[in-house]
Amino acid sequence: MNILGISAHYHDSAAALVVNGVPVCAVQEERLSRHKGDAAFPLLAIESCLQQAGIEPEALEAVVFYERPMLKFDRVLTCTLRAFPQSWRAFPKAMKNLLGEKAWMRGIISSHLGVPGRKVLFTEHHQSHAAAAFLTAPTRRAAIITADAVGEWATLSVGDGERRPNGSTKIRRFREIRFPHSLGMLYSTFTAYLGFKVNEDEYKVMGLAAYGRPTMIEQVRKLIRRTPDGAFLLDLDYFEFHTTAERSYSLRFVELFGSPRNPYEPIDLDTTEGQRFADCAASVQQVLEDTLVELAQALHHETGLTDLCLGGGVALNGVANARLLAESGFERIFVPPAPGDAGCAIGAALYCDRIHFGNPDRDFPDHPFWGPSVDGTELARIAREDGHNSEELSDGALIDQTADDLAAGRIVGWMEGALEFGPRALGHRSILTAPHTTEMRDRLNCEIKYREPFRPFAPVVPIEAADRFFDIPSGGTRLARFMSGVFPVRPEWRSQLQAITHVDGSARVQVLEPVMAPRLHALLESYGRRTGVPVLLNTSFNLAGEPIVNRAVEGYSTFLRCKIDVLVAGGTRVTKRTSTMRSTEAERIREEVA
Ligand SMILES: [Fe+2]
């Protein structure tokens with residue numbers, strides 16, 4: 001049975017294909033269209049999924065959309081009318097949006113793919129998040145929490161899931177919290193207030209929080225009130241996101257916290273103003289963590305289960321996840337590589353397979369690599385045409401050479417096998433460097449990633465060596481599998497791991513099992529033999545404002561446009577010839593990528 005899952009029209013569209021109960025492909029539209037955060041109907045992603053499986057749309061038994069558009073319509077209409085007359089300006093835009101593509105999804109999918117309308121199915125947004133979290137996790141029974149900004153009405157749900165010995169699957173939702181009361185909206189309101197992009201830059205708030213102290217926690221608590229049933233309510237006097245798309249916080253919010261940050265001015269942490277913003281980030285971060293911990297503790301008490309699956313965009317908060325592991329009572333926490341809305345494509349397809357059609361439970365590989373594969377020979381061809389140094393090496397020689405490059409302080413673009421699904425590069429489309437010095441961090445920030453200096457880089461370490469360098473609690477390696485937890489770097493190693501140690505001594509470490517990415521694992525070991533420290537800095541292979549690279553040509557284009565020294569794809573290793581690239585050549589590459 002072939003089931004296609006689609007998530008679209010909010011941010012970061014994606015498609016995923018499940019064949020006979022097993023995912024065969026999942027990819028975000030942005031990685032193919034090359035528009036970061038592409039929210040369009042994911043035609044390219046769908047095409048890529050069908051191509052990988054070698055099937056035509058007629059062979060699809062079902063196409064599942066990840067939420068119910070009419071319920072969403074109901075929410076937007078209700079909230080807009082409730083907020084009238086303040087919402088009168090936003091009303092035409094909201095209606096146009098919803099009455100455009102979103103509300104008529106069945107017809108749109110049917111006409112795009114040429115499948116009959118009866119084959120188009122819908123799951124609820126938080127059902128998709130729950131399925132993406134639970135059905136991709138190697139656990140038979142788990143409690144489930146999903147939390148995001150908003151789906152149709154739900155913003156947070158708690159429940160459980162069970163894969164029974166007879167092959168049937170059950171996912172239950174016990175309770176939900178509904179819009180406008182939303183942990184995701186609370187956090188993204190602060191994201192906007194702190195001058196970052198909502199739905200995109202929430203991780204910058206988390207990074208900034210490490211520089212501050214939670215001195216404004218009492219103020220943040222005025223915004224969110226816990227209720228006797230264990231839920232919470234936002235005090236809507238401080239917000240405007242429920243009445244207008246233009247501003248998420250109200251004048252009362254500004255009276256409470258002071259002037260918002262000008263997004264065009266850098267944050268200077270040496271000034272009182274810069275410190276106020278860091279304190280503000282630390283305060284909302286702590287309230288988010290406290291609220292999640294209390295909700296999870298109650299769910300642990302209620303279910304008596306040892307495993308927790310976390311879904312929704314809030315699950316990208318690695319600091320909160322680590323606190324959940326430490327304090328909620330759950331022994332293992334599973335966060336999928338794509339807990340946000342893109343991941344709902346795979347969640348919707350699996351939910352439909354297991355629950356709607358009642359197909360038997362199936363195990364499948366526990367990795368994030370569900371996208372298209374990179375072609376090393378394509379890289380060799382392009383590089384040779386341009387006169388750059390290209391060589392084809394055997395596996396062993398390539399790993400030794402790359403370890404030498406890294407030990408010599410070179411920056412390596414590393415492309416391998418299938419593209420990661422989700423926002424994080426986990427070793428198949430990564431920029432790798434030595435992790436030892438702040439100079440390397442600054443070099444990456446200034447010459448390649450062009451990003452704020454307060455943002456930390458992440459390390460990758462083989463599972464066998466993880467405990468030597470990082471203070472990872474029991475159950476923590478599971479969170480660290482997909483970089484979903486932030487843990488302390490052991491104090492004795494911090495001076496040797498400066499480029500990946502955040503200001504508070506922590507790191508968003510990826511703990512790598514050999515089976516997940518064998519070549520990267522071998523590279524880490526080889527690097528460890530040279531330096532005594534089998535740890536590398538691993539950051540996503542992209543430039544600021546661009547999606548992570550997918551094909552060899554995109555890796556090559558990125559390599560030419562920044563100061564990456566070595567590019568590896570499959571068995572091909574490319575270095576720049578000594579002369580600077582001519583601008584016409586750069587132009588040609590840009591055209592080829594486009
Ligand atoms: Fe969501």
Side-chain angles (χ1 to χ4, degrees), residues 5-16 26 28-30 37-42 45 64-76 79 97-98 102 105 122-136 144-159 171 173 175-189 191 197-203 234 241-242 245 248 288 292 295 309-317 320-321 334-352 421-424 484:
I6 294 174
S7 117
H9 292 317
Y10 191 44
H11 50 87
D12 207 8
S13 296
Q28 289 138 275
E29 186 72 359
E30 63 159 29
D38 196 340
F41 188 80
V64 200
F65 193 66
Y66 80 123
E67 63 181 15
R68 295 185 184 277
M70 291 318 287
L71 275 177
K72 196 164 192 165
F73 180 76
D74 174 55
R75 189 252 302 164
V76 174
C79 291
N97 230 338
L98 278 161
K102 290 180 188 171
M105 198 42 68
F122 297 88
T123 47
E124 280 180 33
H125 190 107
H126 277 253
Q127 274 175 342
S128 303
H129 276 313
F134 175 63
L135 295 176
T136 61
I144 305 172
I145 297 179
T146 62
D148 65 2
V150 61
E152 296 95 352
W153 275 104
T155 65
L156 185 144
S157 76
V158 295
I171 293 180
R173 179 174 7 180
R175 291 173 296 284
E176 65 180 29
I177 295 172
R178 292 185 144 214
F179 189 84
H181 307 290
S182 160
L183 275 183
M185 293 304 292
L186 172 73
Y187 208 80
S188 53
T189 297
T191 307
K197 276 193 200 139
V198 168
N199 287 330
E200 212 176 300
D201 287 346
E202 277 68 17
Y203 61 100
L234 297 187
F241 64 78
H242 55 297
S248 39
L288 175 90
L292 282 171
L295 282 159
C309 293
L310 275 182
V314 173
L316 286 165
N317 194 308
N321 294 345
F334 297 87
V335 177
D341 284 359
C344 285
I346 207 167
L350 286 170
Y351 188 92
C352 183
F421 185 49
R424 284 167 186 154
S484 306

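As the structure lists them, so they are numbered: ligands from 1, and atoms in each ligand from 1. The residues of the chain are indexed from 1 along the displayed sequence.
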- ring pair (Phe, Tyr, Trp, His ring centres under 6.0 Å) assessment of Tyr66 paired with His125: CA-CA 6 Å; Tyr66 80 123; His125 190 107; 5.1 Å; yes
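- At a cut-off of 2.8 Å, Cys344 is not counted among the residues with an N, O or S atom near the Fe ion (ligand 1).
- Residues Tyr351 and Gln127 bring a donor and an acceptor atom of their side chains to less than 3.5 Å of each other.
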- Item | Test log, rule side-chain contact (heavy atoms from CB on, under 4.5 Å), inputs Ile6 and Phe41 | CA-CA 8 Å; Ile6 294 174; Phe41 188 80; 4.0 Å; yes
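- A tilted orientation is assigned to the rings of Phe65 and His9, their planes being inclined by 30° to 60°.
- The OD1 atom of Asp341 and the OD2 atom of Asp148 subtend an angle of 170° at the Fe ion (ligand 1), given to the nearest 10 degrees.
- Nearest N/O/S atom of His125 relative to the Fe ion (ligand 1): this is NE2.
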